[in-house]
There are 2 protein chains.
Amino acid sequence: MSTSRSTIRDVARAAGVSISTVSLVLNNKGHVSEATRRRVLKAARELGYVPSRAARDLSLKRTGNIGFVLRDDHFTRSEPFYTYIFLGTEFEARLHNLYVLLTTIPRDYQPRVHTPRFLRERNVDGLLVAGKVSDTFLQEVRAMKLPTVLIDYEAEGFPAVVIDNQGGARVAVEHLLQQGHRRIAFVGADLQHPSIANRLEGYRGALVRTGQTPDPALVLVDEEAEPTRATGQRLGQRLLELKTRPTAAFCANDALALGVMETLLQAGLRIPEDVALVGFDDVQGATQAPVPLTSVRVFKEQLGELAMRHLVERMTPDETRRPYARGQHIIVVPCELVVRASSAHRKAYPPA
Amino acid sequence: MSTSRSTIRDVARAAGVSISTVSLVLNNKGHVSEATRRRVLKAARELGYVPSRAARDLSLKRTGNIGFVLRDDHFTRSEPFYTYIFLGTEFEARLHNLYVLLTTIPRDYQPRVHTPRFLRERNVDGLLVAGKVSDTFLQEVRAMKLPTVLIDYEAEGFPAVVIDNQGGARVAVEHLLQQGHRRIAFVGADLQHPSIANRLEGYRGALVRTGQTPDPALVLVDEEAEPTRATGQRLGQRLLELKTRPTAAFCANDALALGVMETLLQAGLRIPEDVALVGFDDVQGATQAPVPLTSVRVFKEQLGELAMRHLVERMTPDETRRPYARGQHIIVVPCELVVRASSAHRKAYPPA
DNA sequence: GTGAAAGCGCTAACAA
DNA sequence: TTGTTAGCGCTTTCAC
């Protein structure tokens with residue numbers, strides 16, 4: 001017990017069988033009689049036997065690791081969005097007896113310089129990429145022919161697990177419409193980001209569906225900026241300067257919404273009486289905001305779990321499965337609206 | 001290139017030597033002639049050879065992994081404190097060619113139920129534990145006889161890398177004293193936490209050193225609570241109810257300080273004119289607070305780096321090192337005061 | 001200085 | 001149903 005750990009040999013000896021039998025039992029393979037199976041299991045338990053990962057991996061020609069890559073600035077954001085996603089993958093990984101190797105890459109990724117070590121050494125069987133990353137990185141990954149799944153981001157040729165951005169945005173805007181709002185602004189940033197673009201689409205869709213004509217003047221977007229609180233503050237300023245001020249704004253994410261809120265409150269406006277606000281992501285800060293923020297809740301851990309599950313499926317060529325297209329599957333995860341004070345019912349327009 | 005990766009055999013063949021020679025060259029061992037050394041290196045480079053981790057680990061009887069454990073509620077805090085620490089360890093790990101396996105444990109850790117998988121399977125060569133964790137967990141770790149280093153926490157029998165809590169607190173309070181403050185409160189929580197206890201010590205020390213007698217009435221502590229923003233709000237209330245209000249408060253961390261600030265501002269007090277505030281940790285939110293918060297900056301990534309380095313030292317029994325006590329080394333990392341508006345010079349008391 | 005060979009602990013043919 | 005054996009790719013004695 002106190003000496004070095006026991007091996008498959010020890011178990012075999014203790015159970016009075018050969019090591020291959022032990023291997024078969026432990027991996028539920030082949031046909032082993034119930035009697036020996038029990039003996040083996042018992043011996044293994046009594047010896048506190050745990051298979052050596054290195055030995056198994058060497059024999060199986062795999063690593064048992066999954067790489068998880070995200071941008072460092074995303075990982076260290078004050079909102080633990082990607083942290084939850086990571087925890088989701090980690091949870092699912094346990095079910096498959098895999099380890100997750102987490103590494104960050106810089107925003108301005110340089111192809112050979114910043115390549116994660118586990119990729120360089122080919123020390124992962126599959127790869128998970130969370131959030132928007134440099135395209136040069138994705139190109140490198142593409143060239144490696146490694147099973148890969150993106151999370152909360154989309155790119156040519158990669159399967160991905162994404163939020164139902166469009167659907168969530170639509171529900172959010174429909175909620176505002178239902179509250180009686182007719183002049184609803186959209187606050188956004190970097191439209192290159194598929195998520196943001198989709199949220200804008202959802203916003204437009206909701207308006208069009210209800211027979212409205214989206215007013216371009218109400219689309220407040222800073223194409224060059226990241227969707228941060230600071231950007232929200234600036235865009236809030238622009239909102240204030242509009243000739244006819246909107247009565248509500250749907251913001252592409254909570255950070256932006258919180259920034260807008262700050263600006264509006266400082267300008268002396270009331271929320272939601274003067275301007276109702278809805279965000280997206282439902283971050284922790286949404287609840288604690290001066291005016292609790294209505295938002296679209298995203299199930300971050302679920303994103304991670306699903307991505308890992310999907311990755312594992314792609315890694316194990318299951319013969320029993322039909323030969324579906326090996327292409328770019330996109331898994332869309334639903335989200336849900338959480339109504340808080342920032343968009344509470346306006347006295348003037350009671351809900352339908 | 002497109003087929004499976006090349007092995008040490010391939011390199012040996014290409015260089016016209018034996019595999020043991022290749023091994024020696026690649027590990028800088030034994031005496032190999034400069035000529036063959038070059039040939040081997042060249043061959044390895046041309047073949048894009050990367051040693052198999054599994055094979056090496058199997059042979060070396062090690063795993064090449066380091067476990068990193070922290071509480072899930074710490075990891076998902078909105079302040080990426082532990083995220084930075086993790087990144088520090090990850091950075092240092094690369095230098096030693098180690099992988100870091102990150103896992104969280106619940107706050108209410110249950111001994112055999114929640115044991116991290118890599119510990120159960122003994123799949124790490126060393127362990128890093130960040131932040132306060134359940135004592136039952138540490139007991140389990142103790143029993144494993146695994147090289148371990150704590151980070152930002154201390155416990156019997158474990159080496160640790162910690163912030164200079166006492167020193168930082170002292171500097172913070174000295175700063176307030178220098179601003180002319182004489183009634184300085186201490187705002188804290190859970191004194192069981194060594195960091196908080198030490199910060200209180202530093203606070204007292206600064207006062208005593210300058211010949212003051214610490215006033216127990218000014219020590220506002222909620223022993224039962226965690227040092228969070230909510231706790232800070234409550235303690236801020238208690239501060240307001242004091243018969244003779246302090247002119248300044250040193251808070252055990254930024255979360256508490258931010259909570260106190262919120263309460264004071266809502267009560268109509270001005271900061272720093274009515275009450276000056278100083279926090280600890282220098283979190284991201286400190287800069288963005290309504291009144292930018294003076295705080296003690298902590299070099300989080302450095303904590304992680306040092307811990308990893310120390311762990312690696314303990315893992316590799318270096319014969320050349322003197323047989324120092326194998327005991328509980330505590331590495332103290334300095335921190336520095338960052339002065340912002342929340343404690344800016346008061347007109348009444350110009351700086352010395 | 002270099003090579004042959006054993007062995008790390010496991011899986012998977014292949015025999016029996 | 002079970003056992004024998006040949007690897008998996010590397011490190012490391014031990015000869016030469």
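Below, chain A is the first sequence line, B the second, and so on; all start at residue 1. Note that these values count all heavy atoms, side chains included, but never hydrogens, waters or copies made by symmetry.
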ask   = What integer distance in Å separates B/R37:CZ from C/dG1:P?
value = 12 Å
Polar side-chain atom of B/R53 near backbone of A/T63 as donor-acceptor pair, under 3.5 Å = no
remark   = In whole angstroms, the gap separating C1' of C/dG9 from CG of A/D10 amounts to 10 Å
request  = Tell me which of B/S18 and B/S59 sits closer to the 5' end of DNA chain C, going by the nucleotide each one is nearest to.
outcome  = B/S18
inquiry  = Is there a side-chain contact between B/R56 and B/R62 in this structure, where contact means two heavy atoms from C-beta onward sitting under 4.5 Å apart?
reply    = yes
ask   = Closer than 4.0 Å, any side-chain N/O of A/K29 to the OP1 or OP2 of C/dA12?
value = yes
task = Could you note down all residue pairs passing ring-ring contact (aromatic ring centres under 6.0 Å, His included) where residues 29-67 of chain A supplies at least one of them, sequence neighbours left out?
result = none
ask   = Can you check whether B/K61 has a side-chain N or O nearer than 4.0 Å to OP1 or OP2 of C/dG9?
value = yes
inquiry  = Quick check on C/dG3: is either OP1 or OP2 less than 4.0 Å from any side-chain nitrogen or oxygen of B/T21?
reply    = yes
query = Got A/P106 and A/D72 here, is their nearest side-chain heavy-atom distance under 4.5 Å?
reply = yes
inquiry  = Would you say B/T36 places a side-chain N or O within less than 4.0 Å of OP1 or OP2 belonging to C/dT2?
reply    = yes
ask   = At under 4.0 Å between heavy atoms, what does A/S20 touch on the DNA or RNA strands: base, sugar-phosphate, or nothing?
value = base
query = Given atom CG of B/N123 and atom P of C/dC10, what is their separation to the nearest angstrom?
reply = 12 Å
request  = Calculate the interatomic distance between B/H31 atom NE2 and C/dG3 atom C1'; express it in whole Å.
outcome  = 17 Å
request  = Grab the CD-C1' distance between B/E34 and C/dG1 for me, whole Å please.
outcome  = 13 Å
Covered region of DNA chain D, 5' end to 3' end, by chain B [heavy atoms, under 4.0 Å] = D/dG9 to D/dT12
task = Let me know the distance between CD1 of A/I8 and C1' of C/dC8, rounded to the nearest Å.
result = 14 Å
inquiry  = Within the 4.0 Å heavy-atom criterion, would you say B/T7 contacts the bases, only the backbone, or no part of the nucleic acid?
reply    = sugar-phosphate
query = Atom CZ of B/R13 and atom C1' of C/dG3: how far apart are they, to the nearest Å?
reply = 16 Å
task = Could you check how far CZ of A/R56 sits from C1' of C/dC8, rounded to whole Å?
result = 16 Å
ask   = Do A/E34 and A/R38 meet the salt-bridge criterion of a basic N to acidic O distance under 4.0 Å?
value = yes
inquiry  = Using a 4.0 Å heavy-atom cut-off, does A/D57 contact any base of the nucleic acid, only the sugar-phosphate backbone, or nothing at all?
reply    = nothing
task = May I ask you to say what B/L60 touches in the nucleic acid, namely base, sugar-phosphate or nothing, with a heavy-atom cut-off under 4.0 Å?
result = sugar-phosphate
query = Are the side chains of B/V161 and B/L150 in touch, meaning some heavy atoms are under 4.5 Å apart?
reply = no
A/D152 side, atom CG; A/K300 side, atom NZ - distance, nearest 0.5 Å = 11.0 Å
